[in-house]
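Remember, predicted model here, so these are calculated numbers, not experimental data. Reminder, nothing fancy here: chain letters follow the sequence lines and each chain counts from 1.
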Amino acid sequence: MTDETKSLRDVRLEKLAKLRELGVDSYPVETKRTHRAVEVVDGYDELEGVDVAAAGRLSAVRGHGKAVFADLTDETGKVQLYFKKDNLGDDFELLELLDLGDFVNAGGTVFKTKTGEVTIEVKWFKILAKGLRTPPVVKTREAGDGTVETFDEFADPEKRYRRRYVDMLVNPASKKRIADRARMTAAIRRFMDERGFIEIETPILQPLYGGANARPFTTYHNELETDLYLRIADELYLKRLLVAGFEKVYEIGKDFRNEAIDRTHYPEHTLLEWYEAYATYEDCITMSEELIAGLAEEFHGTTKIEYQGRPLDLTPPWRRAEVVPTINDATGLDVFDCSEDDLRKAIEKLGGETQESWTRYKLIDELLDLVVKDEAWDPMFVTGHPAELSPLAKRSPGDPRIVERFELFIAGTELANSFSEQNDPLAQREALEAQAEARAAGDEEAQTVDEDFLTALEYGMPPAGGIGVGLDRLAMILTDAPNIREVLAFPQLREKK
RNA sequence: GAGCCGUUAGCUCAGUCGGUAGAGCAACUGCCUUUUAAGCAGUGGGUCGCUGGUUCGAUUCCAGCACGGCUCACCA
């Protein structure tokens, strides 16, 4: 804490002490509240002349000698309070001991000022909670055309993220994003539930991690005396539920990947996964179009939205691009019938870089990025990945070199990944053992062999379509957030030393 | 991990071609009983991110470090 903070804080501590001397409890238990702020404003026609009581924070104070105007802000918005010495007598002096940010309970008669603002003429008030810190004072002015000009916005990203409660307190847009995200999650659950899916929670602490290629967080359970991993995907457990006899399951939860943070990546990210028996990845295409287009309609009233100043058309059906033909067209190669050297040259020609250790399939993956993903803005399904890139997917009946899979790209980032799920226990074992080999050869992100999962498959898993959808990124698109941190309530920053 | 940029009052920002800093809002004092970025008058508040170097003198120049932002790499 700096000295300056202390001095502002000291002033408030002194006021708190004075209140105590006067016998005022600055943190009382009881609140009397009949209306929320915006209910008073919107209900003016019925409430004119009626006594109401509101509670909230003092967000502005405008003194006029023997009268004071103040804004009282609660979760709904703000209502103006009018304190008059004539009405309040000695209590009027207590206003001196209130500060911006204090929680206050006030009751009185609803009226409209000369300038037409709905206001409560206060007859009584009491402090509900004294604040010791001065909140940043952000002021706004509404122009005639409805645009809002903001002064001294609390804008430093570091300060905003480190004290997110202050950010959300003084920046309505920050708070709205978080609330919109919650609405989005609720809408998704409704969407899934309406279609007969049930949400089942699967383990976050896992003895083995799988279902994706990523480095995990490791932890230790004292009583079991064993290392455990924080899950990197829900996939393998949700598929066990298909074995168990559930036909439509989903889960919304956090996955943990021990990786760097950037604009679209965060180590604990929220994923929606669903699995539907007797469906294929084609069904997942339809359903993801319906889900996301429906959310756009719900949030924006249209599927033609804007993201970061650029039009984004979410109207289904969405474009599709097949991996192999697209790469072949762009490079003039046949990716299944050319040398690794050709692939490397093609990558360099497209402005990419390669690493010595990369396998053929990693090279193809890189080409995929360069050729397909970078141009994807409006939604695009990238389908038909080489089988070696997708150990948990079923091979395409028409071409065993590729799988029944899509990745969905929107606004330049991957939003979903889906396959017709591999349910052949022997083929699955083979694919996972190939992963384990790659792992032994140094690929830290290759998957491991989960014997219990393979055993489950041997009991029989129905054919199924499955998908994982990145909900942080979906929230970014729906709330026009430039950075993943904006859709997280409390993003992590490096500790200040 | 790399490159570029940033860090000055509670908040938003100026500024010092090197002589220990300013504004608005917030705070404090006074005036003001329909204001709303209320107004008017006045006051206080800063080891200029940290540590070193150069210098008579560093917040300013240089280096290192910390934290952050953007871009790239990695990745969903």
Side-chain angles (χ1 to χ4, degrees), chain A residues 1-12 14-15 59-71 78 80-88 92 96 99-101 111-117 119 121 133-143 148-163 166-167 170-171 211-215 232-233 255-271 351-353 355 365-366 369 373 407-409 413-417 444-445 468-474 482-485 493-497:
Chain A
M1 193 200 315
T2 62
D3 290 337
E4 311 77 73
T5 307
K6 235 182 229 170
S7 70
L8 285 178
R9 188 166 174 266
D10 284 346
V11 171
R12 286 172 177 248
E14 283 165 19
K15 290 180 180 177
S59 54
V61 177
R62 297 176 287 280
H64 292 262
K66 295 182 181 60
V68 171
F69 287 94
D71 292 339
K78 70 177 186 188
Q80 183 169 252
L81 303 179
Y82 179 46
F83 299 85
K84 248 195 330 187
K85 191 166 167 61
D86 295 347
N87 291 336
L88 295 164
F92 188 77
E96 292 294 318
D99 289 297
L100 289 178
F111 78 109
K112 243 182 203 175
T113 63
K114 278 188 209 168
T115 52
E117 176 143 0
T119 303
E121 186 174 334
R133 301 282 180 136
T134 305
V137 180
V138 179
K139 296 192 176 184
T140 57
R141 179 171 56 194
E142 225 171 305
V148 176
E149 200 179 351
T150 301
F151 302 85
D152 296 340
E153 184 175 13
F154 184 57
D156 180 332
E158 183 173 357
K159 287 171 184 160
R160 288 180 52 230
Y161 293 143
R162 284 194 196 280
R163 300 217 172 151
V166 176
D167 177 35
V170 301
N171 293 328
N213 296 55
R215 284 160 60 189
I232 58 172
D255 293 328
F256 305 87
R257 301 186 183 180
N258 210 335
E259 287 153 5
I261 297 172
D262 68 20
R263 203 181 67 77
T264 57
H265 294 84
Y266 194 74
E268 52 174 305
H269 75 287
T270 304
L271 209 63
E353 287 175 17
Q355 285 172 24
D365 202 26
E366 181 67 17
D369 279 352
K373 297 181 184 175
E407 288 179 292
L408 170 61
F409 290 86
T413 65
E414 184 178 347
L415 208 83
N417 186 21
E444 280 188 80
E445 295 182 350
V469 183
L471 294 194
D472 308 281
R473 289 180 179 178
L474 184 55
N483 191 300
I484 197 167
R485 284 171 165 156
L493 293 188
R494 201 182 292 270
E495 209 174 326
K496 277 226 171 183
K497 284 167 191 162

Can you sort out the partners of A/Thr413 under side chain to side chain contact (heavy atoms under 4.5 Å, CB included), two or more places apart, ordered by chain and number?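 If we apply the side chain to side chain contact (heavy atoms under 4.5 Å, CB included) test to A/Thr413, skipping adjacent residues, the hits are A/Arg263, A/Thr264, A/Arg473.
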Which residues pass the side chain to side chain contact (heavy atoms under 4.5 Å, CB included) test with A/Asn213, sequence neighbours left out?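 By the side chain to side chain contact (heavy atoms under 4.5 Å, CB included) rule, A/Asn213 matches A/Gln435, A/Glu445, A/Gln447.
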In chain order, what residues pass the salt bridge (charged side-chain N to carboxylate O under 4.0 Å, His left out) check against [X], with sequence neighbours excluded?
X: A/Glu142; result: none
X: A/Glu14; result: none
X: A/Arg215; result: A/Glu444
X: A/Lys139; result: none

Using the test ring pair (Phe, Tyr, Trp, His ring centres under 6.0 Å), find all partners of A/Tyr82 that sit at least two apart in sequence or belong to another chain.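 A/Tyr82 satisfies ring pair (Phe, Tyr, Trp, His ring centres under 6.0 Å) with A/Phe69, A/Phe111 once adjacent residues are dropped.
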Output field dot_bracket for RNA chain B (Watson-Crick or G-U, both distances under 3.5 Å, | for other-strand pairs) contains (((((((..((((.....[..)))).(((((.......))))).....(((((..]....))))))))))))....
Could you list the residues that satisfy side-chain hydrogen bond (donor to acceptor under 3.5 Å, both in side chains) with A/Glu158, not counting sequence neighbours?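 A/Glu158 satisfies side-chain hydrogen bond (donor to acceptor under 3.5 Å, both in side chains) with A/Arg162, A/Lys496 only.
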Per the atom types in the model, does the base of B/U7 pair as donor or acceptor with the side chain of A/Glu158 at under 3.5 Å?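 Flag unset: no donor-acceptor pair detected.
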Ignoring hydrogens and angles, write down the donor-acceptor pairs under 3.5 Å from the side chains of residues 59-67 of chain A, residues two or more places apart or on other chains.
from: A/Ser59; atom 1: OG; to: A/Asp71; atom 2: O; distance (Å): 3.3
from: A/Ser59; atom 1: OG; to: A/Thr73; atom 2: OG1; distance (Å): 2.6
from: A/Arg62; atom 1: NH1; to: A/Asp71; atom 2: OD2; distance (Å): 3.4
from: A/Arg62; atom 1: NH2; to: A/Asp71; atom 2: OD1; distance (Å): 3.1
from: A/Arg62; atom 1: NH2; to: A/Gln80; atom 2: OE1; distance (Å): 2.7

Enumerate all atom pairs, one protein N or O and one N or O from nucleotides 27-29 of chain B, separated by less than 3.5 Å.
from: B/C28; atom 1: OP1; to: A/Lys15; atom 2: NZ; distance (Å): 2.3

Pairs: protein N or O with nucleotides 71-74 of chain B N or O, under 3.5 Å:
from: B/C74; atom 1: N4; to: A/Asp262; atom 2: OD2; distance (Å): 3.0

